[in-house]
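Scroll down for the structure; my scribbles are underneath it.
In the text below, chain A, chain B and the rest are named by the order of the sequence lines, each starting its count at 1. Source: prediction; values computed, not measured.
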Number of protein chains: 2
Amino acid sequence: MGLRERKKQATRRALQDAAVRLTLERGLENVTVEEIAAEADVSTRTFFNYFATKEDALLGDLPKHPDEEVLRRFVEGGPTGDFVDDLITVLITFLVSTDDLATQRADMRARKELMEREPQLVPRMLARFHDVEMKLAAVVAERTGAPPEDERSLLVAAAAMAVMRHMIKRLRFSEGEETADVRASIRAAFRQLGEAYGPFAADG
Amino acid sequence: MGLRERKKQATRRALQDAAVRLTLERGLENVTVEEIAAEADVSTRTFFNYFATKEDALLGDLPKHPDEEVLRRFVEGGPTGDFVDDLITVLITFLVSTDDLATQRADMRARKELMEREPQLVPRMLARFHDVEMKLAAVVAERTGAPPEDERSLLVAAAAMAVMRHMIKRLRFSEGEETADVRASIRAAFRQLGEAYGPFAADG
DNA sequence: AAGAAACTTTGCACCTCATGCAAAGATTGT
DNA sequence: ACAATCTTTGCATGAGGTGCAAAGTTTCTT
């Protein structure tokens with residue numbers, strides 16, 4: 001990666017960090033784009049070269065579209081053959097970025113705190129999830145051989161994303177949390193969903 | 001209802017209608033609040049007394065929080081005793097406003113067209129659904145005797161709202177559509193959900 | 001019916017967000 | 001070293017959105 005690219009990454013990071021820090025300090029309403037840019041030592045105009053809106057800087061780059069290789073294997077019926085298990089594998093890749101693990105966890109924690117302190121951001125976050133949901137529906141349809149805009153796939157994906165949102169709320173993103181724990185929690189959530197709406201649903 | 005209240009309703013309506021009409025005509029980007037206000041024969045400032053944002057005027061007042069009486073019966077375990085059935089009853093009240101049926105259908109159709117033509121509005125709409133989702137989770141928890149912020153209730157509500165979004169996408173909001181049809185469609189969607197994630201889930 | 005009280009509309013000043021454009025500055029390749 | 005390419009920046013501009021106080025309406029009281 002050349003100098004130009006590295007500088008861009010650094011600027012992007014600096015803007016995100018400044019945005020998060022200032023917002024947690026003073027609240028979203030009391031932070032202007034000008035201040036964020038000043039904090040990151042760039043002009044206001046440059047801020048908008050990186051992010052379309054103030055909120056975009058806060059939400060960062062996650063969740064990103066899942067790894068193409070993982071998607072391909074899912075579409076082909078893998079990696080285990082169990083639908084829910086394989087779905088969870090895909091879902092977990094949403095949580096993973098290119099940064100190192102510690103940075104990722106810190107980012108997630110910060111974002112979680114932001115959601116709690118600035119509820120206006122929740123809808124924005126949901127919008128991101130919506131994009132992922134559409135992608136998910138597409139691969140589910142492909143795996144099951146259904147047409148691209150298949151109703152059932154959309155529904156299955158919507159429910160899966162509901163589980164994801166739910167999980168993210170629960171996770172602590174702390175040191176002790178292992179991938180296996182995350183997987184088990186997601187699985188438990190799917191089980192609850194199946195029990196609530198499944199063929200032998202009791203009340204609740 | 002006194003004159004003052006009636007005038008307010010009329011102004012609100014006029015603003016919404018103007019917003020929708022102009023947006024469908026020219027696209028959201030090419031319509032300013034000034035123009036919407038002018039079309040409704042009020043000042044720009046008055047527009048903002050009614051709606052916080054341009055988008056709010058487009059999305060109108062739905063979905064509203066469901067009828068309190070219906071909620072009370074749901075919490076008490078009614079009206080039929082079957083969880084999914086009763087849940088559907090609650091969900092259907094989300095679709096119902098105080099306007100007459102023909103107006104309601106026209107509004108829904110217009111909103112649907114808006115979502116298709118202006119995808120930026122979709123996240124905004126989802127945000128509205130999020131509010132309803134929280135309310136729904138609360139009553140589900142209450143019905144099942146769980147604590148207010150119960151994980152399972154949140155999950156069940158999230159899935160239910162996924163089903164709702166899905167339904168709304170499918171509905172045509174035309175003359176022939178009866179409440180019974182709507183109910184049957186929602187029920188079918190829940191069944192698909194249960195099959196996908198339930199105890200005996202096959203692939204897909 | 002008259003006037004006070006309460007509410008709504010409006011104009012104005014003001015700030016922030018966001019975009020297009022062109023000039024200046026930095027990086028890369030030859 | 002020079003040209004090509006990309007990034008940053010300042011400037012102008014438009015639109016969204018809010019607070020405030022004055023003017024205009026509706027409602028309440030007597």
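- For the ring pair (Phe, Tyr, Trp, His ring centres under 6.0 Å) condition, the pairs that include at least one residue of residues 27-58 of chain A, sequence neighbours left out, are Phe47(A)-Phe51(A).
- For Glu133(B) (side chain) and Met161(B) (main-chain N/O), no donor-acceptor pair under 3.5 Å exists by modelled atom type.
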Hey, mind stepping through Leu154(B) and Met134(B) against side-chain contact (heavy atoms from CB on, under 4.5 Å) and telling me if it holds? CA-CA 7 Å; Leu154(B) 285 167; Met134(B) 293 300 99; 4.1 Å; yes
Evaluation steps, side-chain contact (heavy atoms from CB on, under 4.5 Å), between Leu155(B) and Glu151(B): CA-CA 6 Å; Leu155(B) 187 58; Glu151(B) 300 283 344; over 6 Å; no
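- Between Arg72(A) and Glu68(A) there is no salt bridge, since no side-chain N of the basic residue sits under 4.0 Å from a carboxylate O of the acidic one.
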Would Val122(A) and Met125(A) satisfy side-chain contact (heavy atoms from CB on, under 4.5 Å), going step by step from the backbone distance to the final call? CA-CA 5 Å; Val122(A) 172; Met125(A) 199 54 160; 5.6 Å; no
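- With sequence neighbours left out, Thr46(B) forms a side chain to side chain donor-acceptor pair (under 3.5 Å) with Ser43(B).
- Of all non-hydrogen atoms in Lys112(B) and Lys169(B), the two that sit nearest each other are NZ-O, 3.1 Å.
- By the 4.5 Å heavy-atom criterion applied to side chains, Leu126(A) and Pro123(B) are not counted as neighbours.
- Applying the salt bridge (Lys or Arg N to Asp or Glu O under 4.0 Å) criterion to Glu55(B), with sequence neighbours excluded, gives Arg124(B).
- By the side chain to side chain contact (heavy atoms under 4.5 Å, CB included) test, Glu34(A) pairs with Thr32(A), Thr44(A), sequence neighbours left out.
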For nucleotides 23-30 of chain C, just jot down a letter per nucleotide in 5' to 3' order: B, S or -, based on protein non-hydrogen atoms under 4.0 Å. ---BBS--
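- Against DNA chain C, the stretch residues 46-58 of chain B makes heavy-atom approaches under 4.0 Å through Thr46(B), Asn49(B), Tyr50(B).
- Considering only residues two or more places apart in sequence or on other chains, Glu149(B) meets the side chain to side chain donor-acceptor pair (under 3.5 Å) condition with none of them.
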Test log, rule side-chain contact (heavy atoms from CB on, under 4.5 Å), inputs Arg152(B) and Val140(B): CA-CA 9 Å; Arg152(B) 192 154 188 246; Val140(B) 167; over 6 Å; no
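- Counting 5' to 3', DNA chain D first comes under 4.0 angstrom of a heavy atom of chain A and last does so at the ends given by dT5(D) to dC11(D).
- With sequence neighbours left out, Glu116(A) forms a salt bridge (Lys or Arg N to Asp or Glu O under 4.0 Å) with no residue at all.
- With sequence neighbours left out, the side chain to side chain contact (heavy atoms under 4.5 Å, CB included) criterion links Ala160(A) to Leu87(A), Leu91(A), Leu136(A), Phe190(A), Tyr197(B).
- Contacts between residues 12-41 of chain B and DNA chain C, defined by a heavy-atom separation below 4.0 Å, involve no residue at all.
- A rotation axis mapping the C1' atoms of four pairs onto the next four is fitted at both ends of the helix from dA1(C)-dT30(D) to dT30(C)-dA1(D) over five pairs, and the angle between these axes is 20° to 10 degrees.
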